[in-house]
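To keep things clear, I will list the structure first and then write my remarks on it.
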Amino acid sequence: MAQFGFENDIHSILKLDMPITNAPMARWQRKASSSLSSTNVANASALTPSKSANGSMSLSKTPSKTPGKNKKSTPSKVGCDRFIPTRNSKQMAVASFLVSKENEPVDETAATLSLESQKAWSLSLNGYDIDEAKILHLGGKPLNAPEGYQNNLKILYSQVSTPASTKKTRYISSVPDRILDAPDLRNDFYLNLIDWSSQNLLAVALHNSVYLWDATKGEIVLLTKLEREEDYVCSVSWTKEGYYLAVGTSDGKVELWDVTLKKRLRSMASHTTRIPSLSWNDYILSSGSRSGHIHHHDVRAANHHVFTLSGHSQEVCGLKWSPDGRYLASGGNDNRVYVWPGVQGGNPLHCFSEHQGAIKALAWCPWQPSILASGGGTSDRHIRIWNVNSGSCISSLDTQSQVASLVFAPNYKELVSAHGYAHDNIVIWKYPSLSKVAELNGHEDRVLNLTLSPDGTTVATVAGDETVRLWQSFEVDPVQKKAKELSGKSTRSVIHQSIR
């Protein structure tokens with residue numbers, strides 16, 4: 001029996017649901033008892049002798065606040081931007097005195113006292129001048145913010161210059177860097193009379209002559225002059241290496257010149273009308289004529305005419321090969337833009353008919369080879385950006401002026417346009433937003449053509465006022481300039497080795 005009694009004692013000790021007799025009172029019990037006692041004291045003090053005990057029992061109600069859920073003050077966090085001022089009793093008394101002083105009448109005895117004595121009494125009693133005291137005086141210093149903390153509101157009001165504001169601003173001169181005379185220049189919208197080579201030679205066609213201006217030395221050389229006075233030069237185009245120049249004439253011939261030797265290598269006749277547009281793709285020279293036909297010439301072979309593209313119904317005044325040589329873009333007086341695939345492509349990939357005027361201005365984007373820019377004539381005045389992979393028009397802009405020529409400036413990724421009627425100026429556009437960056441004014445007649453220097457810093461324009469103007473609008477980055485210099489010079493063309 002004693003064994004069973006011992007087991008019962010052990011079982012009762014280990015049982016957890018039994019009340020603990022000697023344990024301290026729980027927290028919620030202490031809260032309830034304290035609130036109850038305070039309520040009883042308040043009720044007892046509020047009773048009058050005329051009221052009965054039943055009335056006192058009716059006033060004893062459930063506490064208004066739930067036990068254990070008293071409102072707690074938010075703890076202050078070290079390093080936050082909240083500043084709680086410290087106000088001592090003296091400051092609050094001074095504030096109360098200043099507020100009440102405004103409504104009190106002026107004391108005549110106090111007015112007789114001198115200001116110096118009042119200030120002395122204030123300094124001795126309060127420690128500061130009472131007239132300079134603030135109603136709400138903030139005492140103490142705010143805590144320092146933790147390391148790495150940034151206040152976004154401070155940036156809006158900071159006067160410290162940010163890296164973006166300290167960046168060197170770009171300056172675009174509104175006047176040309178140089179002006180060259182171009183007498184006897186044909187004022188014909190459909191011709192392409194200027195081109196800049198990679199060897200820094202600028203070729204300009206003046207009536208029946210072609211002149212070369214050496215931008216490095218400043219020298220001018222006459223390259224060729226047509227035999228018949230009634231003939232004239234319609235187009236000029238350099239090879240990629242810059243050693244050979246193709247010249248299109250009004251009698252339907254294409255001449256190939258070696259500018260180093262100043263010698264005509266050959267004359268290729270295949271068109272029956274004038275040739276206002278030329279474009280190179282390695283050893284293939286493409287020429288567009290007034291008849292609407294485009295001919296491909298292999299300048300290495302004796303039988304140079306290798307293919308004919310037929311699509312335009314009127315004069316082909318714009319012709320450009322893409323930088324990668326995959327596509328040929330052609331624009332005509334029939335308000336059409338054709339994109340042709342390669343050299344042997346017979347049918348065009350795309351035909352864009354959104355323009356309402358002649359398309360002479362064509363430019364391929366050098367950093368996006370599938371992007372083509374085209375500009376319309378007087379009746380259109382739009383610049384349109386095309387994606388030749390999808391055949392869609394990415395963007396369009398009304399320039400309010402005839403678009404005569406386009407070129408992409410890679411140094412700042414911008415698009416430059418030359419305009420005729422009615423503005424006769426040059427405009428620099430930011431690509432791809434087509435927001436206007438600058439306007440270059442100075443020509444007194446419509447601008448016919450523009451071309452970019454080999455280093456991409458200068459634009460040369462030729463206009464009907466018989467002048468060639470050079471605009472140094474694209475300052476080259478020194479880092480990029482040094483990289484180009486280290487890349488080395490280009491090799492001579494295969495034309496020199498294989499021509500017959």
Side-chain angles (χ1 to χ4, degrees), residues 191-205 210 212 223-224 233-249 253-260 263-271 275-289 293-301 304-309 316-331 338-345 360-366 369 372 405-408 410 449-454 456 460 490-500:
L191 305 184
N192 293 273
L193 304 176
I194 190 172
D195 196 17
W196 209 326
S197 74
S198 59
Q199 301 300 320
N200 212 12
L201 293 177
L202 184 66
V204 183
V210 177
L212 302 179
L223 179 64
T224 181
V233 179
C234 300
S235 56
V236 291
S237 180
W238 289 97
T239 59
K240 182 179 180 181
E241 294 78 9
Y243 296 105
Y244 302 97
L245 179 68
V247 178
T249 62
K253 295 180 181 179
V254 178
E255 296 182 355
L256 186 61
W257 285 80
D258 186 336
V259 296
T260 305
K263 179 182 178 181
R264 188 179 70 178
L265 300 179
R266 65 185 308 176
S267 178
M268 299 176 290
S270 61
H271 293 285
I275 304 172
S277 56
L278 294 169
S279 184
W280 285 92
N281 183 10
D282 200 6
Y283 53 85
I284 297 296
L285 175 62
S286 300
S287 59
S289 67
H293 294 143
I294 301 173
H295 291 178
H296 293 323
H297 308 271
D298 188 345
V299 297
R300 305 169 300 172
H304 54 86
H305 184 199
V306 294
F307 207 83
T308 300
L309 301 177
V316 180
C317 48
L319 203 62
K320 291 289 182 180
W321 277 99
S322 62
D324 54 5
R326 296 176 56 192
Y327 306 107
L328 174 65
S330 62
Y338 286 94
V339 179
W340 309 87
V343 177
Q344 300 296 332
K360 171 193 172 185
L362 294 173
W364 291 93
C365 181
L372 173 67
S405 187
L406 290 171
V407 67
F408 280 95
N449 301 102
L450 62 80
T451 182
L452 192 65
S453 63
S490 59
T491 58
R492 289 186 64 87
S493 172
V494 70
I495 300 175
H496 180 75
Q497 304 171 358
S498 304
I499 198 164
R500 300 178 184 177

Could you tell me which non-hydrogen atom of [X] sits nearest to which non-hydrogen atom of [Y], and how far apart they are?
X	Y	result
Val306	His297	CG2-N, 4.4 Å
Glu255	Ser267	CG-OG, 4.1 Å
Arg300	Tyr283	NH2-CE1, 2.7 Å
Ala246	Leu285	CB-CD2, 3.8 Å
Pro410	Leu452	CD-CD2, 3.8 Å
Phe408	Pro366	CB-CD, 3.5 Å

Going by side chain to side chain donor-acceptor pair (under 3.5 Å), name the residues that satisfy it together with Thr308, two or more places apart in sequence or in a different chain.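 His305.
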
Please check this pair: side chain of [X] against backbone of [Y], looking for a donor-acceptor N/O pair closer than 3.5 Å.
X	Y	value
Ser322	Pro369	no
Lys360	Leu191	yes
Trp280	Lys240	no
Ser279	Ser286	no

Taking the inter-plane angle between the rings of Trp321 and His296 on a 0 to 90° scale, is it parallel (under 30°), tilted (30 to 60°) or perpendicular (over 60°)?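 It falls in the tilted class, 30° to 60°.
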
With rounding to the nearest 0.5 angstrom, report the [atom1] to [atom2] distance, [X] to [Y].
X	Y	atom1	atom2	answer
Asp258	Tyr243	CG	OH	10.5 Å
Leu212	Leu223	CG	CG	4.5 Å
Leu328	Ile284	CG	CD1	11.5 Å
Asp282	Glu241	CG	CD	7.0 Å

Pairing residues for Ala460 by the side chain to side chain contact (heavy atoms under 4.5 Å, CB included) criterion, not counting sequence neighbours: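 Ala460 satisfies side chain to side chain contact (heavy atoms under 4.5 Å, CB included) with Ile194, Trp196, Leu202, Thr451, Leu470 only.
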
If we check side chain to side chain contact (heavy atoms under 4.5 Å, CB included) with Leu278, which of these qualifies: Leu245, Asn192, Val254, Asp195?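 Answer after filtering Leu245, Asn192, Val254, Asp195: Val254.
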
Member of His295, Lys253, His271, His293 meeting the side chain to side chain donor-acceptor pair (under 3.5 Å) criterion with Ser287: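 Running side chain to side chain donor-acceptor pair (under 3.5 Å) over His295, Lys253, His271, His293 with Ser287 returns exactly one hit, His271.
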
Assess the residue pair Val259 and Trp238 against the criterion (side chain to side chain contact (heavy atoms under 4.5 Å, CB included)); give the C-alpha distance rounded to whole Å, side-chain angles, the decisive distance to 0.1 Å, and a yes or no. CA-CA 10 Å; Val259 296; Trp238 289 97; 3.4 Å; yes

Would Val233 and Thr224 count as a side chain to side chain contact (heavy atoms under 4.5 Å, CB included) here? Give the steps. CA-CA 10 Å; Val233 179; Thr224 181; 5.9 Å; no

For residues Leu256 and Val299, determine if any side-chain heavy atom of one lies less than 4.5 Å from a side-chain heavy atom of the other.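 They are in contact (side-chain heavy atoms under 4.5 Å apart), so the answer is yes.
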
Verify the distance criterion only: is there a donor paired with an acceptor across the side chains of Trp340 and Ser330 at less than 3.5 Å?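 Judged by distance alone, the side chains do pair up.
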
Salt bridge (charged side-chain N to carboxylate O under 4.0 Å, His left out) partners of Arg326, counting only residues at least two apart: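 Partners of Arg326 under the salt bridge (charged side-chain N to carboxylate O under 4.0 Å, His left out) test: none.
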
